[in-house]
Amino acid sequence: MFINSIFSALSGMRTSATKLQTSANNLANLQTPGFKKSRTEISDVSSGGAQVSAVTRLSTPGSPIPTTNPLGLAVNGEGYFQVSLADGGTGFTRAGSFKIDNTGQITTSSGNPLSPPVSVPGNATGVSIDSSGQVSAIVGGSSVTVGQIELAQFNNPGGLTAEGGNLFSASSGPSVSGTPGSGSRGTVISGALESSNVDIAEEIVGQIVSKAAFKANASVIRAADELI
């Protein structure tokens, strides 16, 4: 009986440690644009104890933060920006920190170009992006349309896999691309970046509870060891 209580308490320490690790990652990305926080799901075990059943990502939107860069983009809706990856695949992101590279293409801050690609002429004196994702450039004093930004939508955005660099891969089913403003993809907000959806107060309270649970389970192990 005492051996069983040790293993049950050990499983509780493991789940508490996982919750702390998940919360620490959330807090580390508190200021990462477009970051989506994760949540640890815990379930009981038939033989006693607890286990981590899943670590899910919450796709709730963050608040738009104004920026002076017209290529800073946020999505007011469920859509994700699409970018081309070095291996030929497609990545998805909510972090709209875009720039123009030395070839005129609009890319992420890490250099991944938009998909479909959008190129700005080298002699352009300004760039603007409207809420429907239409990109215009000022060339010779006139406004010229140079491309269209599309947004991807997923049935289960919480199942996307984080690949680092604010990028996700479509492991939760195929994406459906379309023009911003169509369906629930949302519209594009130019001159703004989406903040992370991490709630610092919620994370701190969760860490306090997890640390208390860890200590309580450690006490159970010490008590069972003394009784044995």
Side-chain angles (χ1 to χ4, degrees), residues 12-43 50-69 71-83 85 90-99 107-112 149 151-173 175 180 184-215:
M13 293 176 70
R14 286 173 175 162
T15 56
S16 296
T18 301
K19 291 195 70 172
L20 282 170
Q21 181 180 2
T22 302
S23 180
N25 184 62
N26 289 341
L27 286 174
N29 287 281
L30 181 64
Q31 300 183 74
T32 301
F35 177 79
K36 301 304 175 188
K37 65 182 178 182
S38 298
R39 180 176 61 195
T40 305
E41 306 286 351
I42 297 175
S43 61
Q51 65 180 355
V52 175
S53 55
V55 178
T56 58
R57 192 173 300 277
L58 303 184
S59 58
T60 52
S63 302
I65 301 174
T67 174
T68 56
N69 178 16
L71 293 178
L73 305 178
V75 179
N76 182 24
E78 300 177 1
Y80 284 73
F81 296 110
Q82 304 176 123
V83 297
L85 303 179
T90 301
F92 306 91
T93 183
R94 294 276 297 195
S97 305
F98 293 103
K99 64 178 183 179
T107 72
T108 65
S109 56
S110 300
N112 299 104
I149 295 175
L151 296 179
Q153 192 174 14
F154 301 88
N155 289 328
N156 178 29
L160 291 170
T161 301
E163 301 294 346
N166 284 334
L167 294 176
F168 297 93
S169 60
S171 57
S172 58
S175 63
S184 57
R185 290 181 183 86
T187 55
V188 173
I189 304 173
S190 178
L193 292 176
E194 180 184 358
S195 65
S196 74
N197 64 353
V198 177
D199 185 327
I200 187 171
E202 178 184 344
E203 296 298 331
I204 291 175
V205 171
Q207 287 200 5
I208 292 172
V209 173
S210 295
K211 285 189 285 187
F214 188 94
K215 290 180 180 179

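All heavy atoms count here, side chains included; hydrogens, waters and symmetry mates do not. Position 1 is the first residue of the sequence, and the numbers go up from there.
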Donor-acceptor contact present, side-chain T93 to main-chain A95, <3.5 Å: yes
Stepwise side chain to side chain donor-acceptor pair (under 3.5 Å) test for E78 and S59: CA-CA 8 Å; E78 300 177 1; S59 58; over 6 Å; no
Within-4.5 Å side-chain heavy-atom neighbours: N69 and F98: no
Minimum-distance pair of heavy atoms, taken over all atoms of R185 and V75: O-CG1, 3.5 Å
Interatomic spacing from NZ in K37 to OG1 in T60 - rounded to 0.5 Å: 5.5 Å
Rounded distance (nearest 0.5 Å) linking atom CG of L193 with atom CG of L71: 10.5 Å
Polar side-chain atom of N166 near backbone of G34 as donor-acceptor pair, under 3.5 Å: no
Under 3.5 Å donor-acceptor, S23 side chain and K19 backbone: no
More than 12 heavy atoms of other groups within 6.0 Å of R39 CZ: no
Side-chain donor-acceptor contact under 3.5 Å, T22 with T40: yes
Donor-acceptor under 3.5 Å (S53 side chain, E41 main chain): yes
Rounded distance (nearest 0.5 Å) linking atom CG of L85 with atom OG1 of T90: 6.5 Å
Atom pair CG/CD1 of L73 and I149 - distance to nearest 0.5 Å: 5.0 Å
Q31 atom CD, over 12 foreign heavy atoms within 6.0 Å: no
From CA spacing to verdict: side-chain contact (heavy atoms from CB on, under 4.5 Å), T108, S97: CA-CA 6 Å; T108 65; S97 305; over 6 Å; no
Test item: N29 side-chain N/O and T32 main-chain N/O as donor-acceptor pair under 3.5 Å: no
Whether N25 side chain and Q21 backbone form a donor-acceptor pair below 3.5 Å: no
K36 and L58, any side-chain heavy atoms less than 4.5 Å apart: no
Sub-4.5 Å side-chain heavy-atom contact between Q82 and F92: yes
Nearest non-hydrogen partners of T187 and P180, listed with the distance: CA-CB, 4.3 Å
side-chain contact (heavy atoms from CB on, under 4.5 Å) assessment of S43 paired with Q51: CA-CA 6 Å; S43 61; Q51 65 180 355; 3.5 Å; yes
Pair F81-L151, side-chain contact (heavy atoms from CB on, under 4.5 Å): steps then yes or no: CA-CA 5 Å; F81 296 110; L151 296 179; 3.7 Å; yes
Validation row: L160, R57 side chains within 4.5 angstrom (heavy atoms): no
Backbone of G79 reached by a side-chain donor or acceptor of R94 within 3.5 Å: yes
